[in-house]
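Below is one structure; the comments refer to it alone.
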Protein chains: 2
Amino acid sequence: MGKKCTGVEKTLAVVSGKWTSMILYHLYTNEKLRFGELRRALPGITQKMLTSDLRELEKHRIIERKVYPQVPPKVEYCITDHGKTLLPLLEQMDEWGDAHAQQTLDPSASTIHSI
Amino acid sequence: MGKKCTGVEKTLAVVSGKWTSMILYHLYTNEKLRFGELRRALPGITQKMLTSDLRELEKHRIIERKVYPQVPPKVEYCITDHGKTLLPLLEQMDEWGDAHAQQTLDPSASTIHSI
DNA sequence: CAGGATCCTGGGCGATACTG
DNA sequence: CAGTATCGCCCAGGATCCTG
């Protein structure tokens with residue numbers, strides 16, 4: 001990685017939102033979802049956070065927002081091709097995080113070092 | 001990735017600190033560094049943030065803290081073997097972030113979609 | 001030299017109410 | 001249905017001063 005880790009910070013700016021990865025997971029496994037469907041798929045999320053996280057992802061061109069001009073309103077969200085390039089990275093992060101959880105609770109891994 | 005993205009969140013808990021990736025970069029390219037060396041290597045960081053980020057990384061067993069009981073005090077930090085498993089992930093994040101920056105400023109990538 | 005103790009600020013996030 | 005608009009909390013992060 002580069003000395004200043006600017007890329008790392010840019011990536012974090014995209015994925016570090018509390019609900020971001022779960023939003024992307026659902027859009028990844030469902031191809032496209034409406035606002036209300038996403039809301040129901042994410043127990044605990046408020047409508048404000050869902051809206052702002054979706055706007056943020058849209059700003060970064062990770063997802064696409066399709067508005068159907070009708071009453072009642074209908075909006076669909078899906079991952080863009082560019083957004084799909086993020087999925088392997090999220091996959092890696094998920095795997096490392098789980099492996100890390102295993103590692104840190106493993107007593108045999110404790111390092112004894114003399115001072 | 002898993003439905004609940006618990007791994008992603010665990011990873012973020014480790015690497016999302018503002019200075020974390022740069023701390024690891026320097027410990028990766030330098031093998032071991034003293035507190036003051038790290039401080040000088042990271043222009044802009046405060047002593048408080050360096051201390052707390054180092055403590056956090058130590059808690060997760062990403063780095064090791066070696067205290068030499070002498071006056072004046074001497075403390076050395078280095079990456080653990082477990083911490084080294086994080087480096088490929090940071091590398092990926094750095095690459096994706098830079099590529100993403102390219103993508104988002106590329107005008108030809110703008111998607112025109114009818115509403 | 002390598003921190004500890006305090007105080008402070010911005011923004012991420014949540015709760016609630018309202019709307020085209 | 002798919003959002004806006006407010007209000008307020010919490011805490012990561014910064015500034016400053018102090019110490020074994």
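Every value quoted in this text rests on a predicted model; they were computed, and no experiment measured them. Letters A, B, ... are given to chains in the order of the sequence lines, protein chains preceding strands, and every chain is numbered from 1.
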Exercise for the section: On DNA chain D, check which nucleotide each of A:R34 and A:K48 is closest to and give me the residue with the more 5' one. Expected result: A:R34
Exercise for the section: Can you tell me the distance, in whole Å, between the CZ atom of B:F35 and the P atom of C:dG4? Expected result: 8 Å
Practice task
Just compare D:dG3, C:dG3, C:dC13 and give me whichever is closest to any side-chain atom of A:R55.
Solution key: D:dG3
Exercise for the section: Can you spot which of B:K74, B:R34, B:E76 makes a side chain to side chain donor-acceptor pair (under 3.5 Å) with B:Y68? Expected result: B:E76
Practice task
For B:M22 and D:dG13, give me the distance from atom CE to atom P, rounded to whole Å.
Solution key: 14 Å
Problem - B:T51 vs B:Q47, side chain to side chain donor-acceptor pair (under 3.5 Å): CA-CA, chis, key distance, verdict - result: CA-CA 6 Å; B:T51 301; B:Q47 164 275 321; 3.1 Å; yes
Handout entry: Of the listed nucleotides C:dA15, C:dA2, C:dC1, the one nearest the side chain of B:P72
Key = C:dC1
Practice task
Using modelled atom types only, decide if a donor and an acceptor are shared between the side chain of A:E58 and the backbone of A:E64 within a distance under 3.5 Å.
Solution key: no
Handout entry: Out of D:dG3, D:dA15, C:dG3, whichever nucleotide has its closest atom nearest the side chain of B:T51
Key = C:dG3
Problem - Atom pair distance, as rounded to whole Å: CG in B:L54 and P in D:dA12 - result: 16 Å
Practice task
Take atom CD of B:E56 and atom C1' of D:dG13, then tell me their distance rounded to the nearest Å.
Solution key: 13 Å
Exercise for the section: Specify the residues of residues 9-20 of chain B, ordered by number, for which at least one heavy atom lies under 4.0 angstrom from an atom of DNA chain D. Expected result: B:G17, B:K18, B:W19
Fill in the blank from the handout: Considering only heavy side-chain atoms of B:P73, the closest of C:dA15, C:dA2, C:dG3 is C:dA2
Handout entry: Euclidean distance, atom CG of residue B:L50 to atom P of D:dT16 [Å, nearest integer]
Key = 18 Å
Problem - Spacing between B:I63 atom CD1 and C:dA2 atom C1', to the nearest angstrom - result: 14 Å
Handout entry: B:G7 backbone acceptor or donor facing B:T11 side chain under 3.5 Å
Key = yes
Practice task
Tell me, yes or no, whether the heavy-atom count around B:E31 atom CD, taken from other residues, nucleotides or ligands under 6.0 Å, exceeds 12.
Solution key: no
Practice task
Keeping to residues at least two apart or across chains, list the ring pair (Phe, Tyr, Trp, His ring centres under 6.0 Å) pairs with something in residues 70-89 of chain B.
Solution key: A:W96-B:H82, A:H100-B:H82
Exercise for the section: Could you tell me whether A:R39 contacts a base, only the sugar-phosphate backbone, or nothing, with contacts defined as non-hydrogen atoms closer than 4.0 Å? Expected result: nothing
Handout entry: Gap between atoms OH and P, on B:Y68 and C:dG3 respectively (whole Å)
Key = 13 Å
Completion exercise
When every non-hydrogen atom of B:V14 is compared with those of B:T20, the smallest separation belongs to O-CG2, 3.4 Å
Handout entry: Between C1' of D:dA2 and CG of A:D53, the distance in whole Å
Key = 16 Å
